[in-house]
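Counting starts at 1 for both ligands and their atoms, in listed order.
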Amino acid sequence: MNALLLTGGRVIDPANRLDASADVLIIDGKISAVGKDAAAQAPADAERLDVQGHIVCPGLIDLHVHLREPGQTAKENIATGTAAAARGGFTSIVCMPNTAPAIDSAGTVALIRDRAEQSGVVNVFVSGAITKNIAGEELAPIGSLKRAGVVAITDDGHCVQNNELMRRACEYAKMFDLPVMDHCQDYSLVTDGVMHEGYWNTALGLRGWPSAGEEMIVARNILMAELTGARVHCQHLSAAGSVALIREAKKRGVPISGEACPHHFVLTDAAVAGSEKFWATDGKPLLALNSQLPGAPKRSEGGSTPDLPSWPSYDTNFKMNPPLRSARDREAILEGLADGTIEILCSDHAPHCDYEKEVEFDYAPFGITGLETELALSLMQLYHAKRVSLPDLIAKYTVAPARLLNLKKGTLGIGADADVTIFNPNQEWVFDRAASASKSKNSPFQDWKLKGKVIGTIVAGKKVFIEQPELAGVQ
Ligand SMILES: [Zn+2]
């Protein structure tokens, strides 16, 4: 028998409405007991981990991750991507199907599940493509993808433009009880835009990607969900109008949902103009938050700030799809998260090689890494900024994605898989992308002082990441 006892932590399990100081007993990879009497039930030879002062919660789930395997393993592979997930506190991730080949057949699903079994350190769930080769022309075999084990369908990275095809996809998905996840982008409106269409793209001379390009497809998806009854999930929401549309549709009972990524509710398009411009404009609210921290960087009046994170203008680590938007959009995303319109948090972890990103802004691929910074950034902007309670924040990373994807995860209920995340919401650290477990280093949060640190990640009772020295002296 394999037994592990976590003692003295604050256990927050939103699925069971639990928030209490409690012990957690894990036996043979399952949750065996939670509460004051858990220690009494532990076998004498159980390993003990003192997690006093830390939060203990169901293992976090990130439903939007690009693992790049098969076909693009110079950027990332299942071993490195899942190692980054473990460091970020994630015990389950959903990989996107825009690999090479795309995940549009049962064979590719089987290949990834096999590789994940061999080289993954966290649970890997697979999403299948909506259309063959993600080309948006012909439906993928959704029934056989479901039988092969996909938990959702999406053409992420691309967006089905043909509304009739999207309708059929929704009808099949409903038949097979799969959610349809959509990267919302109207190609005719966005064309070759590379950043948010607003003040900064004009000032910088870069082609604009208007908010309406996202909102148009969010509106389409609401109509499709209403028409077909399928559960449609809008990925990486960035625009104020998208939040308003989903809020209104949910009131009418439409089966629509949305997710947000930290970069969209931390940064704005001013970041593309460089750190000086960002900290002088849209970065100010973040400084106010930071200044409450002991030893926080102080911004001298009008002067440069050597102790704040800095980056040049046109830094391609600030290029992602959808793009960073205005401060007003950022506020709307934060409001949507606070009032429950947006139920799910995720990274859209999108690794790219240095040589791919080290080109002119126009030519760089979209996307940034995010698995190792997303929990801290979410804690800072939502919990520390007093917008969302800790249990509500944890729910957006656990029970909410589990519910959308019909996963038996995201809970510390007795008998559940012992996937557990231990973190300290108050611990400060500085992110250094060179130390990341990911193969790629394309993060815009280099040198950021973050508040909230993952201390331990446990998958099926096995410690896959332990932060030293916080849990040093472990038996
Ligand atoms: Zn996408």
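Between Phe90 and Tyr397, a ring centre-to-centre spacing shorter than 6.0 Å is recorded.
The number of heavy atoms from other shown groups lying within 6.0 Å of CD (Gln118) is above 12. Within 6.0 Å of NZ on Lys132 lie no more than 12 heavy atoms contributed by other residues, nucleotides or ligands.
Inside a sphere of radius 2.8 Å centred on the Zn ion (ligand 1), the protein N/O/S atoms present are Asp156 OD1, His183 ND1, His236 NE2.
Nearest heavy-atom pair, Lys319 versus Phe366, reported as atom, atom and distance to 0.1 Å: CE-CE2, 3.6 Å. Here the closest heavy-atom approach between residue Thr398 and residue Ile61 is recorded as O-CD1, 3.4 Å.
Residues satisfying the ring pair (Phe, Tyr, Trp, His ring centres under 6.0 Å) test with His66, not counting sequence neighbours, are His64.
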